[in-house]
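If you read the sequence from its start, that first residue is 1, and numbering goes on from there. As the structure is a computational prediction, the values presented were derived from the model and not from experiment. Hydrogens, waters and symmetry mates play no part in the numbers below; they use all other heavy atoms, side chains included.
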Amino acid sequence: MKIIKEDKFTLKQHINLIFRGLKIFAAFPKSLILSKTVSVVFNSAIPFINIYFSAQILNELAGAKNQKRLIFLVLLTIGLNFLSIFIRSVIGRWAAYCDSATGLSMHKIYTDKFLAMDYADIENPEIQHQFSKIREHQTGMGFGLPRLLSTYDGLISGAIQLILSVVMAFSLFTLKVPAGSRFAYLDSPFAVIALILVLSCSVFIAPYLSVIGGKVWPKASNINNDANRAFGFYYFDMIRGSDRAKDIRIYDQKHLIDASTGISEEPEGIREWLGYVRYNARFNAFSTALSYLANGLIYLFVALKAFAGAFGIGGIVQYVGAITQFSGGLASILTNIGTLVNNNPFLDKVLTFLDIPNKKYQGTISVEKRDDNEYEIEFKNVSFKYPDTDTYALKNLNLKFNIGQRMAVVGMNGSGKTTMIKLLCRLYDPTEGIITLNGVDIRKYNYDEYMALFSVVFQDFKLLPFTLSQNVAASVNYDSEKVLQSLSKSGFDARLENMPKGIETYLYKDFEEDGVEISGGEAQKIALARALYKDAPFTVLDEPTAALDPIAEFEVYSKFNEIVGGKTAIYISHRLSSCRFCDDIAVFHEGELIQRGSHDTLIADERGKYHELWNAQAQYYQENKESNGYNP
């Protein structure tokens, strides 16, 4: 079959990748590596105890047959075996306990990377795809960091086997066949060289064949990932999500699931997979046959030398066992080195992802902490294009947010409203122009200090399956009274009264069986309470009431001034009727600020965009006008 070539690396690149990968595990708990090392060393040494004492017992039986020494050797062997079983159990439990955190520690590497990554990279589909591939290879066939860690045991075990087997087999070459024996040629340099060549077949060529055969598994990983992705979607994601359950029943979509059973069993994919299996099996068969042939010749050499009188029958057990351990140890080292080499293309993808640089300048100037919230922000000729696009999302924006002002930002979908907020909060930096805080380019300010100036409720906000109080405070430590006040201001009072544990009630049932499910409108009120709890100088509300009914929305806005207090507030909405409470209204269209003024001023301009949008929406509120007092 034709094998697709993987990425090529030089020997130096292979070594650098492996050592760079191993350095990652330095961040793991020290007990993990220590417990693995102790466990592997102990388990690798145990077979040599049995080999050595079995040889001594046989020598005694074939030689002096001293009863006391024989009983002593047997009892010592049994005692050491019982002791080793006990120690192995203790060490094994310790190693298993430490190893239980391996998956979490490995995932934390990616978690820390995402938390430190520029927001622009988080939104980059290419980077998300890059990480998705890493996870697929990792969960599918264990390539990447898991494969790197799993080879550690084999390398350490092989090294221990090599050292102890050399010590135990050394006398095989120093003990001579008695002079005049017809087997004297076994002590000649040629016999030793021949033995080394045979041993080389076992410990070099056989593992090499196995490694060559194993090269197909990294390539087969893509087929495995495709099948796993389809299986996971159709048999887990598609059927268990409550957001899909309604459509599945209304449109009888279960037939789509039934039809998917053959997706992971397409003839072409199966043929390719079987081709990889056959390729691997051929090399493994050659490797195994060569190992058995080489071991058979080594056993013959040992048996002939014992038959010639170089050593007793116990020596056969000792030397055959030692040589077997030697070949197994060296084979383990070479095989695991081959595994590391085959894993390097995947490890390279991991390291490339972890090496993604943070391009955003973090700034060094401290933001002045002001009790009077005297912060003024201004956009100066700001234009912006999202990465890898040629279209401007914002064009030549000039806009100043006056201290304590209530500004509404309106416009159609895609007009640039949310993009403006992302720039304001430095999730992105302008492509052209600058944004200033009190006259200073915001890029010069310390990034974290600048971000602390904003409380934002985005339209795609998320709540976590933690307690209500932790969701509001965004922390495990919080001021309970402040949490209650924030929830009250956001209009969550009535729902809070029905929560079984008050603010200590868990949201959703991910972690707690008695967690409560909340509606979209209730979630928005909690998100609003979270923004109020932060108590930042700038409050930004991006469609904060989209899930609320008109009456609930009116209640929020009727006391909006009370909610925000003396802070500067920026409000984005598609519902123009809810913007009348604002001092100033900015109208965006196709990435540009095209109108600005009060509601009365803008509505009076009959040719303006605001007037057009207002009249398009106003008709939907007329019938509720008298019944609920909500008058646009």
Side-chain angles (χ1 to χ4, degrees), residues 363 365-384 393-411 415-459 528 531-532 534-544 557 560-574 576 578-589 591-599 601-602 610:
I365 301 176
S366 293
V367 175
E368 182 184 6
K369 294 180 174 57
R370 303 180 62 104
D371 294 333
D372 57 6
N373 288 332
E374 292 284 318
Y375 298 104
E376 186 175 80
I377 290 182
E378 183 174 5
F379 284 68
K380 296 182 178 180
N381 301 315
V382 170
S383 297
F384 176 74
L394 280 179
K395 291 177 284 186
N396 197 36
L397 175 61
N398 289 279
L399 183 65
K400 180 184 290 187
F401 299 106
N402 297 319
I403 301 163
Q405 180 185 33
R406 308 285 187 268
M407 172 179 282
V409 179
V410 302
S415 61
K417 304 185 301 296
T418 299
T419 298
M420 184 268 290
I421 297 302
K422 290 179 178 179
L423 293 176
L424 175 67
C425 298
R426 273 211 77 193
L427 297 177
Y428 288 93
D429 285 329
T431 305
E432 301 166 15
I434 64 170
I435 304 171
T436 63
L437 170 65
N438 293 344
V440 178
D441 189 335
I442 62 173
R443 288 172 288 196
K444 296 181 179 180
Y445 287 107
N446 177 278
Y447 183 75
D448 292 332
E449 291 186 16
Y450 178 79
M451 291 284 281
L453 296 177
F454 299 93
S455 289
V456 186
V457 180
F458 287 106
Q459 54 186 309
L528 180 57
L532 298 174
K534 187 177 180 181
D535 197 27
F538 287 87
T539 299
V540 182
L541 308 179
D542 187 357
E543 295 285 357
Y557 293 129
F560 188 78
N561 286 331
E562 175 190 344
I563 292 175
V564 176
K567 300 176 177 60
T568 303
I570 304 162
Y571 170 71
I572 299 175
S573 180
H574 287 96
L576 273 65
S578 61
C579 300
R580 296 178 62 180
F581 67 90
C582 292
D583 310 320
D584 196 9
I585 300 174
V587 184
F588 280 70
H589 186 63
E592 297 185 67
L593 174 61
I594 58 172
Q595 285 182 288
R596 186 175 181 184
S598 66
H599 168 76
T601 301
L602 295 175
Y610 185 84

Glu592-Asn396 side chain donor-acceptor pair, cut-off 3.5 Å: no
Does [Y] offer a backbone N or O that forms a donor-acceptor pair with the side chain of [X] under 3.5 Å?
| X | Y | answer |
| --- | --- | --- |
| Asn446 | Glu449 | yes |
| Asn398 | Asn381 | yes |
| Tyr447 | Arg426 | yes |
| Lys400 | Glu376 | no |
| Ser455 | Ala531 | yes |

Can you measure from [atom1] ([X]) to [atom2] ([Y]) and round to the nearest 0.5 angstrom?
| X | Y | atom1 | atom2 | answer |
| --- | --- | --- | --- | --- |
| Ile377 | Gln405 | CD1 | CD | 11.5 Å |
| Gln459 | Ile421 | CD | CD1 | 10.5 Å |
| Phe384 | Tyr428 | CZ | OH | 6.0 Å |
| Leu423 | Thr418 | CG | OG1 | 11.0 Å |
| Ile365 | Arg443 | CD1 | CZ | 12.5 Å |

From CA spacing to verdict: side-chain contact (heavy atoms from CB on, under 4.5 Å), Phe401, Leu424: CA-CA 11 Å; Phe401 299 106; Leu424 175 67; 4.1 Å; yes
Non-hydrogen side-chain atoms of [X] and [Y] separated by less than 4.5 Å:
| X | Y | answer |
| --- | --- | --- |
| Asn438 | Glu378 | no |
| Ile594 | Phe588 | no |
| Leu437 | Val367 | yes |
| Ile435 | Lys380 | no |

Working for side-chain contact (heavy atoms from CB on, under 4.5 Å), residues Lys567 and Asp535: CA-CA 9 Å; Lys567 300 176 177 60; Asp535 197 27; 2.6 Å; yes
Matching residue for Met420 among Leu593, Leu394, Val382 - test: side-chain contact (heavy atoms from CB on, under 4.5 Å): Leu394
Among Ile572, Ile585, Thr568, Leu399, side-chain contact (heavy atoms from CB on, under 4.5 Å) partner for Met407: Leu399
Whether Tyr450 and Tyr445 hold their rings parallel, tilted or perpendicular, with breakpoints at 30° and 60°: parallel
Cationic N near anionic O, under 4.0 Å, Lys417 to Asp542: no
Electrostatic pair Arg596:Asp584 at N-O distance under 4.0 angstrom: yes
Minimum heavy-atom distance between [X] and [Y], given as atom pair plus value:
| X | Y | result |
| --- | --- | --- |
| Thr436 | Gly439 | CB-C, 3.8 Å |
| Gly433 | Pro430 | O-CB, 3.8 Å |
| Asp441 | Ile434 | OD2-CG2, 3.7 Å |
| Tyr610 | His599 | OH-ND1, 2.8 Å |

Verdict with reasoning, Ile570 to Thr539, per side-chain contact (heavy atoms from CB on, under 4.5 Å): CA-CA 6 Å; Ile570 304 162; Thr539 299; over 6 Å; no
